[in-house]
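Whatever order the structure lists them in is the order used to number ligands and atoms, beginning at 1.
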Amino acid sequence: MSASNHPLILDGKAVAARVRADVAQRVREFVALHGRAPGLAVVQVGQDPASSVYVRNKKKACAEAGIQSFSHDPPATVTRQELLALVDLLNRDSQVDGILVQLPLPAGLDANEIMDAIDPHKDVDGFHPTNTGLLAQKRPALRPCTPYGVMRLAQEYAIPLSGARATVVGASNIVGRPMALELLLAGCTVTVCHTRTRDLAAEVARADVVVAAIGKPQMIPGAWIKPGAAVFDVGINRLADGTLVGDVDFAGASLRAGWITPVPGGAGPMTIAMLLSNTLEAALRRMAR
Ligand code: NAD
């Protein structure tokens, strides 16, 4: 991989801005053709402050791209039946191309059951088992936004993936697992690490591509990184003093990596950009059906 001593900092903010501008252009074409904007229903159950920030950012990004968002904010006391009825309504609403249910849901509601109820064609988060299954079967449809964003970054910087050894640290349904499937699809030889992995240092050290999705501040020291490797840090951790850091020791890893994402400004901004891209994609597919 890259032999440079100076890593290329992967500018997720700039790439995300390009993706968003491209989506906005294609949304204008969609409106001209179909006489309506693509629509995203955003469901936020309860008033979790962190969720409110995410939801506000998503709606703002939609507005900037010309995508219409529809807000649904049931109280935390909403029943399982009421929430399923709302999802059913949105599944059948012809103005709605994408449905996003902001997680986490309040205790007592089963997120899996709610997500499973979303029409897979409108599942712009890509979390529905149908979409995960399609990705696993090498026929991706709507792809989970965070891993998809990492792939888009890798593509923009022409990072060689075919035949590369990739190690994904973290095996969650929303990041680690779909990330491994994406890298496999791109031709990597993929290792997935988690809490029971025996020798994490060795698994990271032999990787040409490292994706960290753990949620533990600076858990991966720079010394583990193979010289020239591409490092994608998906982790977002807030330290006691308020600073945001990733799962990788950025300063240390920068001394060895060929490419590296900063936190913030790396993988993070790509996630919303890919959500907009997925919403447009869902709208285009729906109109073509
Ligand atoms: P999660 O808690 O669901 O999963 C964490 C994974 O890390 C688990 O599979 C666990 O086995 C593994 N892990 C934990 N400790 C480990 C250890 N010591 N060694 C090896 N593996 C270990 O978290 P998640 O939802 O996948 O999120 C991971 C991180 O990514 C978090 O910091 C989250 O904030 C961030 N995130 C960022 C975005 C984005 O937009 N950039 C999106 C989603 C999540």
Side-chain angles (χ1 to χ4, degrees), residues 10-17 19-20 42 48-51 53-58 60-61 100-105 111-112 115 124-127 132 135 143-154 166-183 190-207 210-221 223-225 231-240 242-250 260-279:
L10 302 172
D11 189 346
K13 245 176 121 172
V15 174
V19 171
R20 285 162 68 155
V42 182
D48 177 61
S51 291
V53 174
Y54 293 135
V55 162
R56 202 175 325 122
N57 288 341
K58 288 171 185 174
K60 188 165 162 270
L100 184 156
V101 177
Q102 184 66 41
L103 299 178
L105 291 176
N112 283 337
M115 306 308 265
V124 285
D125 264 334
F127 295 159
T132 311
L135 181 59
R143 307 154 82 146
C145 300
T146 300
Y148 196 16
V150 168
M151 299 312 285
R152 184 64 188 262
L153 258 184
T167 292
V168 179
V169 190
S172 71
N173 284 334
I174 63 167
V175 192
R177 273 162 209 259
M179 189 72 248
L181 292 172
E182 286 283 2
L183 290 165
V190 184
T191 301
V192 185
C193 301
H194 42 76
T195 45
R196 275 167 283 173
T197 297
R198 286 210 184 109
D199 190 350
L200 186 60
E203 302 297 349
V204 171
R206 63 196 175 96
V210 178
V211 181
I214 314 164
K216 302 221 163 120
Q218 299 166 318
M219 210 202 91
I220 298 184
W224 290 5
I225 303 298
V231 179
F232 297 92
D233 191 350
V234 172
I236 304 174
N237 310 287
R238 196 171 286 284
L239 300 180
T243 5
L244 281 187
V245 297
D247 292 341
V248 177
D249 162 29
F250 181 82
I260 188 165
T261 56
V263 177
M270 295 301 295
T271 298
I272 286 192
M274 301 326 281
L275 172 70
L276 302 177
S277 173
N278 275 354
T279 304

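- Residues of the protein with a heavy atom under 4.0 Å from ligand 1 are Thr146, Val169, Gly170, Ala171, Ser172, Ile174, Val175, His194, Thr195, Leu200, Ala213, Ile214, Gly215, Lys216, Met219, Val234, Gly235, Ile236, Asn237, Gly268, Thr271, listed by chain and number.
- Two residues are said to be in side-chain contact when any heavy atoms from C-beta on lie closer than 4.5 Å; Val248 and Trp224 fail this criterion.
- A donor-acceptor distance shorter than 3.5 angstrom exists from the side chain of Ser172 to the backbone of Val175, with no hydrogens or angles considered.
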Under 3.5 Å, side-chain donor or acceptor atoms of residues 261-272 against the rest of the protein: list the pairs with distances, not counting sequence neighbours.
from, atom 1, to, atom 2, distance (Å)
Thr261, OG1, Asp233, N, 2.7
Thr271, OG1, Thr146, OG1, 3.0

Subject >> Test log, rule side-chain contact (heavy atoms from CB on, under 4.5 Å), inputs Arg177 and Val192 >> reply: CA-CA 8 Å; Arg177 273 162 209 259; Val192 185; 5.7 Å; no

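- Rounding to the nearest 0.5 angstrom, the gap separating the CZ atom in Phe127 from the CD1 atom in Ile174 is 4.5 Å.
- Counting only heavy atoms from C-beta outward, the side chains of Asn278 and Tyr148 approach each other to under 4.5 Å.
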